[in-house]
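Down below is the structure, laid out as C-alpha cells.
Just the heavy atoms: all of them, side chains too, but no hydrogens, waters or symmetry mates, feed the values below. All values derive from a computational prediction rather than experimental measurement. Just so you know, ligand 1 is whichever comes first in the structure, and atom 1 is the first atom listed for that ligand.
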Amino acid sequence: MFTELRPKALTILKSDKPLEQKQQELCDYLQSTVPHYDWVGFYFKNGDKEELKLGPYAGEPTDHTIIPFGKGICGQVAVSNQNFVVPDVKAQDNYIACSITVKAEIVVPLFVNGENIGQIDIDSNTPDPFTEEDERFLEFINEEIAQLIEKD
Ligand code: SME
C-alpha cells in the first residue's frame with residue numbers, strides 16, 4: 001500500500017503551494033486513504049518554549065493544541081528523538097487521550113539539520129495496526145518535509 005502512496009504524497013509535497021497547505025493536503029490525503037489512519041496531524045516545537053503546538057491535521061478536532069515536552073506520547077517523542085509505536089494506548093501510563101475511540105498511536109519525529117523540530121502523529125481506531133512499513137513511510141514523509149523547510 002505504501003509503495004503506491006509515496007508518489008501521490010510527493011506530488012502533494014512538491015507543488016508550488018505554501019508548506020502549511022501542502023501539509024494539510026497530505027494529512028487529508030493520508031487520513032482518507034489509509035484505512036488504519038483515523039487522525040493524522042503534525043505538531044511542531046512552539047518557538048523557544050519546551051512545548052509542542054498543533055499544526056495541520058485531519059480528523060476530529062482535539063483539545064490538545066499545546067503539549068508540554070515529556071507529556072503524552074507526543075511530548076515523550078519531543079525529548080527521546082525516537083519513533084514511538086503504541087499498539088495499545090490503554091497500556092500506556094503517560095498518554096493523553098484525544099478520543100475514546102483511539103486504540104493505537106504512532107509518532108515519528110521530524111528532523112531539520114539534525115534537530116527534532118516536530119513530529120507526525122497518527123491515531124488509529126484499529127488495535128495494533130502499525131508495522132515497520134508505517135515507520136519507514138512516515139520517516140520518508142518527514143524527510144521530504146524537512147527538505148522543504150531546509151530550503152525555506
Ligand atoms: N495522544 C497524544 C496526544 C495527541 S492526540 O493523539 C491528537 C499523546 O499522548 O501525546
Side-chain angles (χ1 to χ4, degrees), residues 1-2 5-6 8-9 12-13 17-146 148-149:
M1 173 177 52
F2 292 113
L5 292 179
R6 284 182 189 224
K8 171 72 183 174
I12 293 171
L13 291 176
K17 295 173 190 166
L19 178 58
E20 207 169 304
Q21 200 175 326
K22 294 195 274 194
Q23 290 169 334
Q24 183 64 57
E25 282 181 25
L26 186 69
C27 290
D28 292 337
Y29 171 64
L30 295 180
Q31 194 257 357
S32 61
T33 309
V34 184
H36 61 289
Y37 287 10
D38 293 290
W39 189 95
V40 178
F42 289 93
Y43 282 93
F44 292 100
K45 186 175 187 331
N46 191 12
D48 291 340
K49 297 185 189 154
E50 296 285 286
E51 64 183 30
L52 295 162
K53 186 174 179 208
L54 182 62
Y57 70 93
E60 293 288 306
T62 172
D63 290 339
H64 305 289
T65 53
I66 298 284
I67 298 178
F69 278 18
K71 301 279 181 197
I73 307 304
C74 296
Q76 291 178 77
V77 169
V79 291
S80 74
N81 306 323
Q82 307 276 330
N83 294 352
F84 200 156
V85 181
V86 180
D88 174 9
V89 295
K90 284 207 183 73
Q92 294 292 321
D93 292 334
N94 190 357
Y95 169 70
I96 303 167
C98 279
S99 157
I100 48 160
T101 60
V102 175
K103 301 279 196 303
E105 179 163 3
I106 182 170
V107 178
V108 173
L110 198 166
F111 299 100
V112 172
N113 297 321
E115 189 190 345
N116 181 351
I117 62 123
Q119 49 192 242
I120 189 166
D121 176 20
I122 317 271
D123 283 343
S124 184
N125 298 340
T126 307
D128 194 7
F130 301 115
T131 69
E132 283 188 16
E133 274 195 79
D134 295 86
E135 289 191 74
R136 298 297 88 77
F137 175 66
L138 298 171
E139 285 165 0
F140 161 80
I141 294 288
N142 280 355
E143 280 159 22
E144 292 295 328
I145 292 175
L148 298 175
I149 296 172

query: Could you state the interatomic distance from CG (L110) to CD (E115), rounded to the nearest 0.5 Å?
result: 11.0 Å
- request: Report the distance from atom CG of L54 to atom CD1 of I67, rounding to the nearest 0.5 Å.
  value: 8.0 Å
- prompt: Is ligand 1 under 4.0 Å from a heavy atom in the side chain of Y43, in the backbone, in both, or in neither?
  reply: side chain
field: Contact partition for W39 relative to ligand 1, non-hydrogen atoms under 4.0 Å
entry: side chain
message: Is there a polar contact between ligand 1 and C74, counting only N or O atoms under 3.5 Å apart?
response: yes
query: For ligand 1, which atoms have a heavy atom of C98 less than 4.0 angstrom away?
result: 3 (C), 4 (C), 5 (S), 6 (O), 7 (C)
message: Between N116 (side chain only) and P109 (backbone N and O only), is there a donor and an acceptor less than 3.5 Å apart?
response: no
statement: Note: E105, heavy atoms under 4.0 Å from ligand 1, region reported as side chain
query: Under 3.5 Å, is there a donor-acceptor pair linking the side chains of Y57 and D121?
result: no
field: SB check R136 E133 (cutoff 4.0 Å)
entry: no
statement: the protein heavy atom lying closest to atom 8 (C) of ligand 1 turns out to be I73 N, 3.2 Å
query: Taking the minimum heavy-atom distance to atom 1 (N) of ligand 1, which of I96, D121, I122, T65 ranks first?
result: I96
task: Considering only NZ, NE, NH1 and NH2 on the basic side and carboxylate oxygens on the acidic side, decide whether E25 and K17 come within less than 4.0 Å.
output: yes
statement: Note: ligand 1 atoms sitting under 4.0 Å from heavy atoms of D123 are 5 (S), 6 (O), 7 (C)
